[in-house]
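Working notes, beginning with the structure itself.
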Amino acid sequence: MQKVSSQQAIDTNIQAKKWWEREAEVQQDHEKGKNKWKALEHHGVTFFPAYQPHGGKPMDLTPEQEEICNWWAQIVDQDFSKKPLVRKNFEKSFIELFDQYLSDYKEIRKNRSTQEKKKEIEEKQKQDLIYKYCLIDGELEKISNIIVEPPGIFRGRGEHPLAGKLKSRIMPEHVTVNVGPEDPIPACPLGGHSWKRIISNPEATWLCHFKDERLEKSNNGKYVQLAADSRIKGENDRKKYEKARRLKKNIDSIKRNYQEKMRSQDVVDQQLGVCTYLIDKLALRVGNEKGEDEADTVGCCSLKVKNIQIEENNQITLDFLGKDSIRYLNTVEVEAKVHQNLKSFVQGKNPDDELFDRINASKLNDYLKEMMDDLSAKVFRTYNASVTLQNQFQEKDNKISEIDTIEKKVQFYEECNREVARLCNHQKEANKNHDEQLLKMKQVQTEKQEKVTQLEQELAKLKKGKSSNDPKLPKTVDLCLTALEKARAQLELQEMRVKKKDENKNLALGTSKINYMDPRISISWCKQKEVPIEKIFQPTLMNKFTWAMNIEPDYEF
DNA sequence: CGCCAAACTTAGGAGCTTGCCA
DNA sequence: TGGCAAGCTCCTAAGTTTGGCG
């Protein structure tokens, strides 16, 4: 891998290969069929360093610590030790014995000089450099993750049956490596060890695969994948949005199709129709069935009777835990036929029974493919998110004007973004100091308001030829007007900040920006409104979406 | 078909750095 | 000049989709 010699050489190479400007070649690539590459060269994956015993020397338990460990060992198989309260109390006392070391360690790390920290990072980057890039058909490409996951405690979300189980240390013997048939097999970075298997699968884009054998069935392992700004990921991303645009083009006939479907005499068809209606209208996930060893969450097809309330006036309330055990709670009006069908699906069932008992995700996707080539349920989320953003820009356009500041325009963008996040139910945990912080900001707002009022009063006085004696206040009408204008602008900014703070309390805007909204909508809007794109996209997104940067200002999704 | 594995995208939170204000 | 919120990247869990197999 000659090209991986220095960071500068890499940057130059990466800059040089703009795949989106070489569409002809990209077209040719399709002739390769299912194959994603002919040559693939890389250095494999690195490993989490072996555990460093505390302070580099073996840590003997103090007699006190050892004795306490023994106490627990004596009762560990008794019912007593299974009681949550017992475990909680014991754990607390136990951890107190050890956490002094950890907090000391943390403190030492924190107190290193800025220079020292910087040097450490630079050295790490230098070490990682050869692992960070691969060669795909001769082109240098960035890799996203180059180290296997460290051993530790599994942190499942929500009520996960496996939460707290141990994740074992991944060794080269757990790793399968995918390289080109003519390319060198990467050297195993751990002496005395060797890779589990070397394969050459050009239909896959992953470089390494590793699996913790200890975790159960639903764990299908992890991959070393290309970075988001690589050609292959970029092409896939663009294809995703093009497919969503195709859905937009066909949406009328698709709507007619599922409307007809839910009017069928066949319950299977009714369920397919209603499910598609809900996925289209509410941007729900498809909802695959889940295993015993996974958290109990649902999506559209796996909704249970207890997750829906059929209300008056064609309203329904959906209340369920979705992906990541995030709660979805929404009361909406649906079409009369949908309401009627849902009522019949609920009829005679128990709360834990499936609402759509005759279908599943796979059948639903089969149905979607009858209507549009390549259509699957997730495309509706991409389509809905992108259309929502575009519509928000249009509907709210009168809220901003050319003379507005960049900050105000950016706030406007966020307002539109929030509607998308709401649609997709992208929630986050509120900052634990949120209320306190908001109060402080509101106080600042009040002060700014008072300042404006004060200046307004002073202006009135000055116009009558009078003046206050306060030396802080302007002495002429002109000066006062300038000051007032400034104060009003400051007040408006603060009001926007307060609003943003409160509205973003439980909403995560990042997810839709990264995964759902066609970046070309945002970029063309920025061009129209003369907002620098960096104000909307952080550096990683600027890189991820470079393929979309040359879009015209009048792009329509 | 139903079931399962493989391969990929989507997700929230941890934890770091940055930048602002008192 | 240090305290703290905001911004951002990293991490890895948790989804979806497809296709092969009995």
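What you see is a predicted model, and the numbers here were worked out from it, not measured in a lab. Throughout, a chain's letter reflects where its sequence line sits, starting with A, and its residues are numbered from 1. FYI, side chains are in, hydrogens and waters are out, and symmetry mates aren't considered; it's all heavy atoms of this structure.
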Item checked: No-H, no-angle donor-acceptor pair, A:N220 side chain to B:dA6 base, under 3.5 Å -> yes
Margin query: Under a 4.0 Å threshold between the charged nitrogen and the carboxylate oxygen, would A:E242 count as salt-bridged to A:R520?
Written below: yes
Notebook entry, point to check: Should we count NZ of A:K132 as having more than 12 external heavy atoms under 6.0 Å?
Noted result: yes
Notebook entry, point to check: Would you call A:E173-A:K196 a salt bridge at under 4.0 Å N-O?
Noted result: no
Item checked: A:I185, CD1: over 12 other non-hydrogen atoms inside 6.0 angstrom -> no
Checklist line | Nucleotide B:dC8, atom C1' - distance to CG of A:N178 in whole Å | finding: 14 Å
Item checked: Aromatic contact, A:F154 with A:H160 (centres under 6.0 Å) -> yes
Check: Should A:K261 and A:D269 count as an ion pair when the cut-off is N to O under 4.0 Å?
Finding: yes
Margin query: Under a 4.0 Å threshold between the charged nitrogen and the carboxylate oxygen, would A:D374 count as salt-bridged to A:R246?
Written below: yes
Next item on the list: Check step by step if ring-ring contact (aromatic ring centres under 6.0 Å, His included) holds for A:Y516 and A:H426.
Entry: CA-CA 11 Å; A:Y516 285 108; A:H426 290 143; 5.5 Å; yes
Check: Where each residue is assigned the nucleotide of DNA chain C containing its nearest heavy atom, which of A:D374 and A:L541 is assigned the position nearer the 5′ end?
Finding: A:L541
Next item on the list: Return the 5'-most residue of the pair A:E429, A:T382 with respect to DNA chain B, ranking by each residue's nearest nucleotide.
Entry: A:T382
Next item on the list: Considering just the side-chain nitrogens and oxygens of A:T297, establish if one lies under 4.0 Å of OP1 or OP2 belonging to C:dA14.
Entry: no
Next item on the list: At under 4.0 Å between heavy atoms, which parts of nucleotides 3-8 of chain C does protein reach? Answer with one letter per nucleotide, 5' to 3': B base, S sugar-phosphate only, - none.
Entry: --SSSS
Notebook entry, point to check: Using a cut-off of 4.0 Å on non-hydrogen atoms, how would the nucleic acid contact of A:G322 be classed: base, sugar-phosphate, or nothing?
Noted result: sugar-phosphate
Check: Atom CG of A:D324 to atom P of B:dA14: distance rounded to whole Å?
Finding: 13 Å
Margin query: Is A:R381 close enough to B:dA11 that one of its side-chain N or O atoms is under 4.0 Å from OP1 or OP2 there?
Written below: yes
Notebook entry, point to check: On a plain distance test, is the side chain of A:K378 in donor-acceptor contact with the base of B:dT10 below 3.5 Å?
Noted result: no
Check: To 10°, what angle do the rotation axes through the five end pairs on each side of the helix from B:dC1-C:dG22 to B:dA22-C:dT1 form?
Finding: 10°
Margin query: Under 4.0 Å, counting only non-hydrogen atoms across every strand here, what does A:A377 touch: a base, just sugar-phosphate, or nothing?
Written below: sugar-phosphate
Next item on the list: Measure from the side-chain N and O atoms of A:K243 to the backbone N and O of A:V379, and report whether any donor-acceptor pair falls under 3.5 Å.
Entry: no
Item checked: Any A:K222 side-chain nitrogen or oxygen under 4.0 Å from OP1 or OP2 of C:dA13 -> yes
Next item on the list: Would you mind telling me which residue lines up with the more 5' stretch of DNA chain B, A:S362 or A:I121, judged by nearest nucleotide?
Entry: A:S362
